[in-house]
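Quantities reported herein were computed from a predicted structural model and do not represent experimental measurements. Here, residue 1 is the first one in the sequence, and each next residue gets the next number.
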Amino acid sequence: MSRRSSYGYSSYRSGSYGGYGGYRRNRRGDDGKKKAIIIAVIVLVVLAAAVGVCAYLGVFSGKNEKTSESSSEVSQTSVQQSESTKVSETSENSEKSQQESKIQQSSAPVKEIKGEFDGNVFIYDKQGYEIFYGTDDSAKKYTDVVSSIKNSLGKDVKVYNMIVPTHGYYALPDNYKKLGNDEKSNVTTAYKSYGSDIVTIDVFSALEQHKDEYIYFKTDHNWTGLGAYYAYTEFCKSAGVTPIDVKTLSTGEIKNFLGSLSAATRTEQSTKGNKVLAANPDFVKYYKIPGSYTCTLLENGKSEPEDVPLIATFAEGSNAYSAFIWGNNPYMHIKTSLKTGRKLCIIKDSYGCAFAPFTVSNFDEVYIVDPTFYEGNVLDYIKKNKYTDVLVLNSIMNANTQIRVDEIKTILK
């Protein structure tokens, strides 16, 4: 039913007229009365119809206004939702675009750094490296001679062995490490060959934790003073002593150091050596060890020892690494004012130079021997002077070299 019939005509038809039948009943009266009644009825009907129409139009208009307002609100809401959707889509697209950009950047090929040999020195990323070719058999010869030291000294002297990996173990990518043999495997096999009476010092893990620091030189085969310090802390754990805190030490620095690897690339045609290494010199940072002690050095080419400072601060140029205990010499003897009851003898190669100064903080005496230059029987000296600890410290390269093994043997007899 339409709105018009519902609000206008329906009530009239059912209530005033057709519903009760009064129209038929009144027709039997007087004609004047009938006419008057008819006129009155017509007037009433007209008035009722007019009121109904007005009422209908008012309600219908109000509903339309409400409907219009509602439509307007719906329209505005739709626009807002549409705009919100567009913003959301734009934001999602932006985030998606950024993610895709990151994926593209991360998946973009990284420019490969190529390495190459310059003589026996491997050049990679503006640094020089040694390539390790040692084997289990060559390491066995070294461990046999270290074992002989322990056998000669007996149970009263504690013997330690430290084999130091090359810089390449930490810095070269795997494809270039494969040019040589596995250093970690070589040292593991060497250490396993010892009995329980020899204490092995594993520095692989200690140095791994600091591999991004300046622990090896770029133009020299040795480690830096900082690299030696991290190995020293491992030694202290095994020896049962407290390491000195490197952060408390004052330091000195020698610049423009071009070391052994740079020197190894020099030829008659290239007197300055590899140009890449020459353009990227190192610096030597040494640590000043506090305390009361005296140092006696037997220097190469001299017949008598003399008192010297622990650090040769005047070292420079290609000899800058010699700042540490004056470099490789027959021996240095250090006496401290400590009263620990312990004395340490270090039988070392060049790696021991940067290592030895730190031990002055832990022992009453430190006797540093280089088998390349030492003359005499070091075992006799250790026994006579009642040394309690002996550390045999060599790089992995020397620990797998027959010449080094033979040199150590010469100081044991």
task = Have a look at Y230 and tell me which of E213, E208, Q209 forms a side chain to side chain donor-acceptor pair (under 3.5 Å) with it.
result = E213
task = Can you see which heavy atom on S262 is nearest to which on T265, and at what distance?
result =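 The pair with the smallest heavy-atom distance is O-OG1, 2.7 Å.
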request  = Specify the closest pair of heavy atoms between P305 and L298, including all atoms of both residues, with the distance to one decimal.
outcome  = N-CD1, 3.9 Å
Just checking [X]: does its [atom1] atom have more than 12 heavy atoms from other residues, nucleotides or ligands closer to it than 6.0 angstrom?
{"X": "E407", "atom1": "CD", "answer": "yes"}
{"X": "I403", "atom1": "CD1", "answer": "no"}
{"X": "D245", "atom1": "CG", "answer": "yes"}

So do the side chains of [X] and [Y] get within less than 4.5 Å of each other, counting heavy atoms only?
{"X": "C345", "Y": "V378", "answer": "yes"}
{"X": "Y287", "Y": "K285", "answer": "yes"}
{"X": "L153", "Y": "K383", "answer": "yes"}
{"X": "N186", "Y": "I396", "answer": "yes"}
{"X": "Y160", "Y": "V390", "answer": "no"}
{"X": "V164", "Y": "M162", "answer": "yes"}
{"X": "E130", "Y": "F122", "answer": "no"}
{"X": "I347", "Y": "L391", "answer": "no"}

query = Do the side chain of N329 and the main chain of Y331 share a donor and acceptor less than 3.5 angstrom apart?
reply = no
message = Ring of F283, cation from K255 - is the NZ or CZ under 6.0 Å from the centre and inside 45° of the axis?
response =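 K255 over F283 ring: no.
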task = Check whether NZ of the Lys or CZ of the Arg K348 lies under 6.0 Å from the centre of the six-membered ring of F355 and within 45 degrees of that ring's axis.
result =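 Here K348 fails the 6.0 Å and 45° test against F355.
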message = Walk me through whether Y129 and Y176 qualify under ring pair (Phe, Tyr, Trp, His ring centres under 6.0 Å).
response = CA-CA 11 Å; Y129 297 90; Y176 288 135; 9.5 Å; no
key: D364/T340 under side chain to side chain donor-acceptor pair (under 3.5 Å): CA gap, chis, key distance, verdict   = CA-CA 6 Å; D364 299 347; T340 65; 2.8 Å; yes
request  = Output, in order, the C-alpha distance, side-chain angles, deciding distance and verdict of side chain to side chain contact (heavy atoms under 4.5 Å, CB included) for I254 and Y286.
outcome  = CA-CA 8 Å; I254 304 170; Y286 55 83; 4.1 Å; yes
key: Note: R404-D370 ion pair, threshold 4.0 Å (strictly below)   =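 Yes.
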inquiry  = Taking D144 first and then K140, would you say they form a salt bridge - that is, a charged N and a carboxylate O separated by under 4.0 Å?
reply    = yes
Quick check for you: to the nearest 0.5 Å, what is the distance between [X] atom [atom1] and [Y] atom [atom2]?
{"X": "L179", "Y": "I131", "atom1": "CG", "atom2": "CD1", "result": "5.0 Å"}
{"X": "T166", "Y": "W223", "atom1": "OG1", "atom2": "CH2", "result": "12.5 Å"}
{"X": "S148", "Y": "L379", "atom1": "OG", "atom2": "CG", "result": "7.5 Å"}
{"X": "Q402", "Y": "K141", "atom1": "CD", "atom2": "NZ", "result": "4.5 Å"}
{"X": "K335", "Y": "S292", "atom1": "NZ", "atom2": "OG", "result": "12.5 Å"}

task = Using the six-membered ring wherever Trp is involved, compare the ring planes of Y367 and Y387 and label them parallel, tilted or perpendicular (cut-offs 30° and 60°).
result = tilted
Whether Y216 and Y351 hold their rings parallel, tilted or perpendicular, with breakpoints at 30° and 60° =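 Perpendicular.
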ask   = With sequence neighbours left out, what residues match F132 under ring pair (Phe, Tyr, Trp, His ring centres under 6.0 Å)?
value =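 Applying ring pair (Phe, Tyr, Trp, His ring centres under 6.0 Å) to F132 gives none.
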message = Strictly by side-chain hydrogen bond (donor to acceptor under 3.5 Å, both in side chains), give each pair with a member in residues 267-284 just once, sequence neighbours left out.
response =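 Residue pairs passing side-chain hydrogen bond (donor to acceptor under 3.5 Å, both in side chains), neighbours aside: D118-N274, Y214-D282, T219-D282.
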query = Do N222 and S350 get their side chains close enough for a donor-acceptor pair, meaning under 3.5 Å?
reply = yes
request  = Please name all residues satisfying salt bridge (charged side-chain N to carboxylate O under 4.0 Å, His left out) with R342, sequence neighbours left out, ordered by chain then number.
outcome  = D389
ask   = Taking the six-membered ring for Trp, are the ring centroids of F257 and F217 within less than 6.0 Å of each other?
value =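 Yes, ring centres under 6.0 Å apart.
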inquiry  = Between T296 and H333, is the side chain to side chain donor-acceptor pair (under 3.5 Å) condition met? List the steps.
reply    = CA-CA 5 Å; T296 303; H333 184 205; 5.5 Å; no
